[in-house]
Structure formats: structure tokens, C-alpha cells
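A short worksheet on the structure shown next.
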Amino acid sequence: MAARSKIVTIAQALRCVSNIKQGKACSMQDAKATMILLDTALKTSRRTARGLKNQLSSSDNMVTRLM
């Protein structure tokens with residue numbers, strides 16, 4: 001019986017995606033964990049980008065007002 005892998009990092013999820021692209025087997029449990037993890041990572045990156053954009057706009061407005 002093969003040892004079960006537990007996908008907890010984005011690197012592990014990307015390795016599972018790579019295996020699927022190559023036509024290799026990936027367990028349903030690993031595929032599901034990969035989808036959930038990558039979905040969460042995407043949402044986090046979007047939220048971070050939106051926050052950074054707001055911070056930049058705020059800083060730009062402050063500099064403009066000081067000039």
C-alpha cells in the first residue's frame with residue numbers, strides 16, 4: 001500500500017497539477033485538496049492586490065495634497 005500524501009502547500013498542489021497535465025495518476029483526495037488550496041491562494045492574492053492598490057492610491061493622494 002502506497003503512503004498517502006497530504007497536500008498542504010502550493011508547491012505540492014502544483015506538483016499534482018503537473019502530474020495531471022502529464023497524464024499521470026493523482027488521487028481524488030489529492031486533486032480535491034489541490035483545487036481547494038489553489039482557490040484559496042487565488043482569493044488571497046486578489047485580496048492582497050486590491051489592498052495594495054488601495055494603499056498606493058491613498059499614499060499618492062497624500063503626496064498630492066502635500067504638494
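For the numbers below, each heavy atom of this structure counts, side chains included, while hydrogens, waters and symmetry mates do not.
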_Is there a side-chain contact between Thr44 and Arg47 in this structure, where contact means two heavy atoms from C-beta onward sitting under 4.5 Å apart?_
yes
*Taking all atoms of both residues into account, what is the closest heavy-atom pair of Thr34 and Val17, and its distance?*
CG2-CG2, 3.7 Å
*For the residue pair Gln12 and Lys6, what are the closest heavy atoms and their distance?*
OE1-O, 3.4 Å
_Gap separating the CZ atom of Arg65 from the CG atom of Asp60, nearest 0.5 angstrom_ = 10.5 Å
_Rounded distance (nearest 0.5 Å) linking atom NZ of Lys53 with atom OG1 of Thr48_ = 14.5 Å
_Checking Leu56 against Leu52 for the side chain to side chain contact (heavy atoms under 4.5 Å, CB included) test, could you report, in this order, the C-alpha distance in whole Å, the side-chain angles of both residues, the deciding distance, and whether it holds?_
CA-CA 6 Å; Leu56 178 63; Leu52 290 174; over 6 Å; no
*Is there a side-chain contact between Gln29 and Lys32, using heavy atoms and a 4.5 Å cut-off?*
no
*Between Leu14 and Ile20, is there a shared hydrophobic cluster once you connect ILVMFWY residues whose side-chain heavy atoms come closer than 4.5 Å?*
no
_Ser57 side chain near Asn54 side chain, heavy-atom distance below 4.5 Å_ = no
*Testing Cys16, Cys26, Ser27 for side-chain contact (heavy atoms from CB on, under 4.5 Å) with Ile7, which one passes?*
Cys16
*To the nearest 0.5 Å, what is the distance between CG (Leu37) and CE (Met35)?*
11.5 Å
*Do you know the tightest heavy-atom contact between Ala25 and Asn19?*
O-CB, 4.5 Å
